[in-house]
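Okay, structure first, notes after.
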Amino acid sequence: IMLHSTLALSLLLIAVSSNLAMAIKKEKRAPQTLSRGWGDEITWVQTYEEGLYQAKKSNKPLMVIHHLEDCQYCQALKKAFAENEEIQEMAQNNFVMLNLMHETTDKNLSPDGQYVPRIMFVDPSLTVRADITGRYSNRLYTYEPQDVPFLIENMKKALRLIQTEL
């Protein structure tokens, strides 16, 4: 009887550990990075507070992207954003980057509502740039995939403002 229960226990341990190994392997295969698909080569900050701190410390503008997983407009913009080399390069080198799937408590980040997708810039003096807007008067900070060139211009504008104002 002792032998039988030892064997059963061994088999149980083997089953549990192989399931665990599979779970670990699965985890490794699909890393859940902070990029959420917006650009895996970009260093993303985790929170708005961290973003503000890094912007001030590095003297780079903070770019905040509000989006939701089940929003088709967000998905379309994300794809265009991730595939655009110029945006990716600027985001990697010249900006503190944050993408959020929830609202922050900072009302300055939703001056005309809490819609998605919405992209806003905060300069290193921690001022939310309400003057850097997209093309739509009803949703000032929204961009569509075809607005990528416009977003690039706004990224450059955010960088220029730092040089001229600070």
Side-chain angles (χ1 to χ4, degrees), residues 27-166:
E27 194 60 41
K28 209 179 225 149
R29 203 179 54 219
Q32 264 307 327
T33 63
L34 291 172
S35 90
R36 301 188 179 92
W38 291 87
D40 291 336
E41 302 303 310
I42 297 168
T43 304
W44 297 90
V45 293
Q46 209 157 355
T47 63
Y48 182 55
E49 292 68 29
E50 187 191 345
L52 293 175
Y53 173 77
Q54 292 292 345
K56 198 177 178 86
K57 198 176 89 168
S58 65
N59 199 37
K60 291 178 179 178
L62 168 64
M63 183 172 179
V64 183
I65 305 169
H66 283 95
H67 64 106
L68 289 170
E69 208 50 63
D70 56 2
C71 153
Q72 63 182 15
Y73 304 104
C74 301
Q75 293 297 346
L77 179 62
K78 179 195 293 191
K79 190 174 184 314
F81 188 99
E83 288 172 0
N84 186 287
E85 283 180 28
E86 192 173 0
I87 285 183
Q88 291 292 309
E89 194 196 332
M90 274 197 287
Q92 284 171 45
N93 300 318
N94 308 108
F95 286 85
V96 175
M97 297 295 295
L98 172 66
N99 71 75
L100 287 177
M101 291 169 61
H102 57 83
E103 287 297 331
T104 68
T105 52
D106 186 347
K107 295 285 171 267
N108 296 312
L109 284 181
S110 51
D112 64 341
Q114 298 190 336
Y115 51 86
V116 289
R118 171 167 110 249
I119 298 179
M120 299 194 69
F121 297 92
V122 185
D123 69 32
S125 74
L126 307 189
T127 305
V128 175
R129 300 307 308 218
D131 52 346
I132 305 180
T133 54
R135 297 191 311 130
Y136 307 97
S137 54
N138 59 334
R139 292 184 161 196
L140 292 176
Y141 306 97
T142 204
Y143 296 84
E144 294 186 338
Q146 65 269 24
D147 302 329
V148 158
F150 201 77
L151 177 59
I152 290 171
E153 282 314 301
N154 277 347
M155 289 173 81
K156 290 178 177 168
K157 183 176 176 184
L159 292 170
R160 273 198 311 275
L161 285 171
I162 290 178
Q163 283 146 11
T164 56
E165 290 183 6
L166 302 178

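Two residues are said to be in side-chain contact when any heavy atoms from C-beta on lie closer than 4.5 Å; T43 and M97 fail this criterion. With contacts defined as side-chain heavy-atom distances shorter than 4.5 Å, the pair T127/V122 does not qualify. Looking only at side-chain heavy atoms (C-beta outward), T105 and Y48 stay at 4.5 Å or farther from each other. The closest side-chain heavy-atom distance from P61 to L159 is below 4.5 Å. E144 is not listed as a side-chain neighbour of L77, based on a closest heavy-atom distance of 4.5 Å or more. A 4.5 Å side-chain heavy-atom check between K156 and E86 finds at least one atom pair inside the cut-off. Contact check for N59 versus I162: side-chain heavy atoms found under the 4.5 Å cut-off. A heavy-atom distance below 4.5 Å is not found between the side chains of T142 and D147.
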key: Chi angles and distances behind the side chain to side chain donor-acceptor pair (under 3.5 Å) call for S125, D123   = CA-CA 5 Å; S125 74; D123 69 32; 2.5 Å; yes
task = Could you check D112 against Y141 for side chain to side chain donor-acceptor pair (under 3.5 Å), going step by step and ending with a plain yes or no?
result = CA-CA 9 Å; D112 64 341; Y141 306 97; 5.7 Å; no
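For the residue pair Q88 and E83, no side-chain donor N or O sits within less than 3.5 Å of a side-chain acceptor on the partner.
The side-chain contact (heavy atoms from CB on, under 4.5 Å) test with Y53 is passed by exactly one of K57, E49, E50: K57.
Annotation: cation-pi pair R139/Y136 absent, no NZ/CZ under 6.0 Å from the ring centroid and within 45° of its normal.
A distance of 10.0 Å separates CD in Q72 from CG in D70, rounded to the nearest 0.5 Å. Taking NE2 of H67 as the start and CG of L100 as the end, the distance is 7.0 Å to the nearest 0.5 Å. Separating the CG atom in L98 from the CH2 atom in W44 is a distance of 8.0 Å, to the nearest 0.5 Å. The distance from the CD atom of E89 to the CG atom of N84 is 10.5 Å, given to the nearest 0.5 Å.
The backbone N or O of L151 lies less than 3.5 Å from no partner atom in the side chain of N154, so there is not a single donor-acceptor pair.
Ring geometry for F95 against F121 counts as tilted: the plane angle lies between 30° and 60°, on a 0 to 90° scale. Using bins of under 30°, 30° to 60° and over 60° for the plane-to-plane angle, the ring pair F150/Y143 lands in the tilted bin.
Between A91 and M155, the shortest heavy-atom distance links the atoms N-CE, 4.0 Å. When every heavy atom of Y73 is checked against every heavy atom of P117, the shortest pair comes out as CB-CD, 3.9 Å.
Around the NZ atom of K157, the shell of radius 6.0 Å holds more than 12 heavy atoms that belong to other residues, nucleotides or ligands.
One finds a salt bridge joining K78 and E69 here, because a Lys/Arg side-chain nitrogen approaches an Asp/Glu carboxylate oxygen to under 4.0 Å.
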